[in-house]
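To find a chain, count down the sequence lines: A is the first, B the second, and so on, and within it residues start at 1.
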Number of protein chains: 2
Amino acid sequence: MGARAPRPGVPVRGSESGRPVMAALDLLGRRWTMRILWELSQAPTGFRELQRRCERMSSSVLSTRLDELTGARLLTLHSDGYHLTPLGQDLVEALSPLDAWSQRWARETDNAAAED
Amino acid sequence: MGARAPRPGVPVRGSESGRPVMAALDLLGRRWTMRILWELSQAPTGFRELQRRCERMSSSVLSTRLDELTGARLLTLHSDGYHLTPLGQDLVEALSPLDAWSQRWARETDNAAAED
DNA sequence: TGATACTGATTCGAAAATCGAAGCAAGGGG
DNA sequence: CCCCTTGCTTCGATTTTCGAATCAGTATCA
């Protein structure tokens with residue numbers, strides 16, 4: 001597998017600096033990555049079930065993402081499916097204000113649309 | 001332009017639900033999007049300067065992303081360059097715990113690598 | 001009136017990422 | 001054995017991204 005997941009300290013796509021946050025933005029900025037973390041924060045989930053929850057995302061990309069996230073030590077696979085590691089749980093928690101923000105975004109977008 | 005930026009309330013790639021957070025994950029999950037927001041949170045920046053800061057990302061994608069983010073009311077263009085709107089600033093603030101997390105990620109990745 | 005040099009932005013062929021249906025190997029009942 | 005489910009791979013088609021060239025608009029200086 002072309003396991004070339006971004007890691008802190010290693011220069012990544014779009015940044016020569018290797019600054020951790022840039023590696024994080026690279027990893028999270030790939031299609032489905034945040035969605036997968038989001039789904040796994042609800043409950044451990046197997047491969048096929050995860051695919052179902054994500055509106056049948058392609059299995060090839062799911063497999064690639066799971067490799068990347070596992071390589072980044074954010075996931076592990078057990079008998080009951082993929083789990084967030086403590087580090088992965090912290091990431092989801094760091095991302096959680098996004099939920100509240102998105103609701104404000106929705107309200108303001110509605111208001112703006114109503115004004116048009 | 002294929003101006004098809006995700007908006008809350010509108011079903012987006014990977015989600016029929018139209019749940020705001022899914023629209024946000026879709027928008028943010030596109031290449032360079034978070035990086036652009038990150039750069040603009042430091043200071044207003046013009047098109048070409050923004051391109052320079054992002055390691056010379058392609059102008060076509062930059063243009064597309066700026067359209068999407070402007071359409072989502074997260075940016076505006078003034079004489080001194082692109083600005084975050086208040087909504088956009090709130091998003092960056094919602095994302096800011098990511099910086100602290102990424103540093104912990106870096107530490108733990110170093111430790112794990114040292115054990116190998 | 002050029003000439004030059006910026007700006008934000010577009011075009012378009014090439015390259016890379018993603019899609020998605022099919023299939024594989026392993027495991028667990030029946 | 002057969003059948004079903006699992007995690008996962010393969011591979012050709014589609015979509016996205018890349019990136020160099022280019023455009024139009026504005027300012028500056030001669």
### Query
Between Leu95(B) and Leu98(A), does a side chain to side chain contact (heavy atoms under 4.5 Å, CB included) hold up when you go through it step by step?
CA-CA 7 Å; Leu95(B) 249 30; Leu98(A) 191 61; 4.0 Å; yes
### Task
Could you walk me through whether Arg30(B) and Glu68(B) pass the salt bridge (charged side-chain N to carboxylate O under 4.0 Å, His left out) test, one step at a time?
CA-CA 10 Å; Arg30(B) 299 179 179 186; Glu68(B) 291 168 354; 2.9 Å; yes
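Using a 4.0 Å heavy-atom criterion, one finds that Ser60(B) contacts the bases of the nucleic acid, with or without backbone contacts as well. Across all strands, Ser59(B) comes closer than 4.0 Å to base atoms (heavy-atom distances).
Phosphate proximity of dA5(C) to Arg48(B): absent, as no side-chain N or O sits under 4.0 Å from OP1 or OP2. For dA17(C), the OP1/OP2 oxygens have no side-chain nitrogen or oxygen of Arg65(A) closer than 4.0 Å. A sub-4.0 Å separation between OP1 or OP2 of dC18(D) and a side-chain N or O of Trp32(B) is present.
Minimum atom distance to the side chain of Arg30(B) is reached by dT17(D), of the listed dT17(D), dT18(C), dG7(D). Listed nucleotides dG7(D), dT10(C), dT16(D) differ in distance to Ser63(B); the shortest reach to its side chain belongs to dT10(C).
Here the P atom of nucleotide dT16(D) and the CG atom of Asp26(B) are 10 Å apart, to the nearest Å. Rounded to whole angstrom, the span from the NE2 atom of His83(B) across to the P atom of dG8(C) amounts to 12 Å.
Among residues two or more places apart in sequence or in another chain, the side-chain hydrogen bond (donor to acceptor under 3.5 Å, both in side chains) test is passed with Glu39(B) by Arg35(B). In this structure Arg48(B) satisfies the side-chain hydrogen bond (donor to acceptor under 3.5 Å, both in side chains) test with no other residue, sequence neighbours excluded.
Within 3.5 Å, no donor on the side chain of Ser58(A) pairs with an acceptor on the base of dA21(C), nor the reverse.
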